[in-house]
Amino acid sequence: MPAAPTIGVLAVQGDVREHVAVLTDLGMGVVPVRRPEEVERIDALVVPGGESTVMDKLVRAFELEEPLRRRLAEGMPAYGSCAGMILLADRLLDARPDQHTLGGLDITVRRNAFGRQVDSFEEDLDFAGLEAPVHAVFIRAPWVEEVGDGVEVLARVASGEAAGRIVAVRQGPVMATSFHPEVGGDHRVHAEFVRIVSSRA
Ligand code: GLN
């Protein structure tokens, strides 16, 4: 049997441990990515939740920006949750003036989109391809304001003022969610990503 694909988790800031734990539970080989050499060794990338402005600064300081952008442009599978979605977006709204992204997803993402009144909340969402709803935890989350032609919408907010807002997308081998499936014990969103990675390996 061929070796299982190795999934890198960008490990400069954010909830790295939670993603490593879920992927390990799913039987994946996981490596934390902090150095350019590590970028060359991985078959796929997970970008955790955290603070996208800090992650962007550290990615540039650790000279990860060029290799990560290149691997993503070459079609490496990737999954980003929350700040990770921000880093994988081609375009940002309400970004810091000098904020970069890695890109990969033809989407426009608005940072901190749900506003300060309700900046954290939880909701059960229908998620394309999954039978039962996903319990989604949103923490100062972004939403997807616009998607390009090749982007599939996987989930939208179900109720409240933000009803209908896009909170999960996929474009080829790249997935992103506004929420944090790495907390709460439901591994099905990561399992979807693992399926994508395995089918490409
Ligand atoms: N608000 C954060 C940002 O802009 C994202 C929050 C999160 O990842 N929970 O990066």
Side-chain angles (χ1 to χ4, degrees), residues 7 9-10 14-15 18-19 22-23 26 28 44-52 55 72 75-94 101-115 118-200:
I7 301 188
V9 178
L10 182 65
D15 62 352
E18 287 78 358
H19 281 283
V22 175
L23 294 165
L26 290 171
M28 292 292 104
L45 177 74
V46 168
V47 187
E51 175 48 52
S52 62
M55 288 165 69
L72 289 164
M76 173 172 65
Y79 166 55
S81 66
C82 202
M85 168 188 268
I86 296 171
L87 266 93
L88 292 175
D90 285 346
R91 294 168 300 278
L92 295 185
L93 297 169
D94 294 335
T101 71
L102 299 170
L105 280 172
D106 183 12
I107 58 175
T108 304
V109 166
R110 185 178 294 281
R111 290 184 59 227
N112 303 329
F114 292 91
V118 288
D119 63 11
S120 298
F121 65 101
E122 303 186 14
E123 196 183 59
D124 290 331
L125 303 175
D126 288 330
F127 195 101
L130 299 181
E131 253 171 53
V134 168
H135 186 70
V137 177
F138 294 87
I139 306 166
R140 301 196 66 218
W143 67 42
V144 180
E145 197 131 327
E146 254 175 21
V147 299
D149 286 343
V151 178
E152 184 189 353
V153 173
L154 300 176
R156 295 176 186 265
V157 174
S159 63
E161 268 177 50
R165 290 292 184 180
I166 299 168
V167 290
V169 293
R170 174 177 173 186
Q171 181 179 10
V174 185
M175 253 177 78
T177 60
S178 301
F179 53 89
H180 292 273
E182 68 276 19
V183 301
D186 183 346
H187 294 176
R188 289 175 300 156
V189 172
H190 287 79
E192 287 288 291
F193 179 59
V194 165
R195 210 169 42 73
I196 295 170
V197 173
S198 306
S199 74
R200 303 251 160 178

> Looking only at heavy atoms, which two atoms of Ala163 and Ala158 are closest? And how far apart?
Replying inline: CB-O, 3.9 Å

> Taking only residues two or more places apart in sequence, or in another chain, which ones meet Arg195 in a side-chain hydrogen bond (donor to acceptor under 3.5 Å, both in side chains)?
Replying inline: Glu192

> For the side chain to side chain contact (heavy atoms under 4.5 Å, CB included) test, which of Val137, Val46, Val189, Asp15 pairs with Glu182?
Replying inline: Asp15

>> Return the CD1 to CG distance between Ile139 and Asn112, rounded to the nearest 0.5 Å.
In response: 12.5 Å

>> If you compare all heavy atoms of Cys82 against all heavy atoms of Gly49, which two are closest, and at what distance to 0.1 Å?
In response: CB-CA, 4.3 Å

> Side chains of Thr101 and Arg91: does their closest heavy-atom pair fall under 4.5 Å?
Replying inline: no

> Tell me, do Met28 and Val197 make a side-chain contact under 4.5 Å, heavy atoms counted?
Replying inline: no

>> In the structure I gave you, are the side-chain heavy atoms of Leu88 and Leu72 within less than 4.5 Å of one another anywhere?
In response: yes

> If you take all heavy atoms of Phe193 and Leu45, which pair is closest and at what distance?
Replying inline: CZ-O, 3.8 Å

> How long is the span from the CG atom in Leu87 to the CG atom in Leu102, to the nearest 0.5 Å?
Replying inline: 5.0 Å

>> Can you confirm whether Pro181 sits close enough to His190 that some side-chain heavy atom of one is under 4.5 Å from a side-chain heavy atom of the other?
In response: yes

> Just how far is it from atom CD1 of Ile7 to atom OG of Ser198, taken to the nearest 0.5 Å?
Replying inline: 7.0 Å

>> Is there a side-chain contact (heavy atoms from CB on, under 4.5 Å) between Met55 and Val47? Walk through the geometry before answering.
In response: CA-CA 10 Å; Met55 288 165 69; Val47 187; 3.6 Å; yes

> Any idea which heavy atoms bring Leu125 and Val157 closest together, and the distance?
Replying inline: CD2-CA, 4.0 Å

> Any side-chain heavy-atom pair from Leu105 and Met85 closer than 4.5 angstrom?
Replying inline: no

> Of all heavy-atom pairs between Ser52 and Ala83, which one has the smallest distance, and what is that distance?
Replying inline: N-CB, 3.8 Å

> What residues, two or more places apart in sequence or in another chain, satisfy ring pair (Phe, Tyr, Trp, His ring centres under 6.0 Å) together with Phe179?
Replying inline: Phe138

> Under 4.5 Å between any side-chain heavy atoms of Phe114 and Asp119, yes or no?
Replying inline: no

> With a 4.5 Å heavy-atom cut-off, do Arg200 and Met76 have their side chains touching?
Replying inline: no

> Hey, is CD on Glu51 packed in by over 12 heavy atoms from elsewhere, all under 6.0 Å?
Replying inline: yes

>> Could you measure the distance from the CG atom of Asp186 to the CG atom of Leu130? Nearest 0.5 Å is fine.
In response: 8.0 Å

> So which pairs with a foot in residues 163-178 pass side chain to side chain donor-acceptor pair (under 3.5 Å), sequence neighbours left out?
Replying inline: Tyr79-Thr177

>> Give me the atom names and distance for the closest heavy-atom approach of His19 to Ser81.
In response: NE2-OG, 3.0 Å

> To the nearest 0.5 Å, how far apart are CD in Glu146 and CG in Asp106?
Replying inline: 9.5 Å

> For residues Glu122 and His135, is any side-chain donor paired with an opposing acceptor at under 3.5 Å?
Replying inline: yes

> Taking only residues two or more places apart in sequence, or in another chain, which ones meet Asp126 in a side-chain hydrogen bond (donor to acceptor under 3.5 Å, both in side chains)?
Replying inline: none

>> Holding to ring pair (Phe, Tyr, Trp, His ring centres under 6.0 Å), I want the full list of residues that pass it with His180, two or more places apart in sequence or in another chain.
In response: none

>> Can you list everything that forms a side-chain contact (heavy atoms from CB on, under 4.5 Å) with Leu93? Sequence neighbours excluded, please.
In response: Thr108, Arg110, Glu145

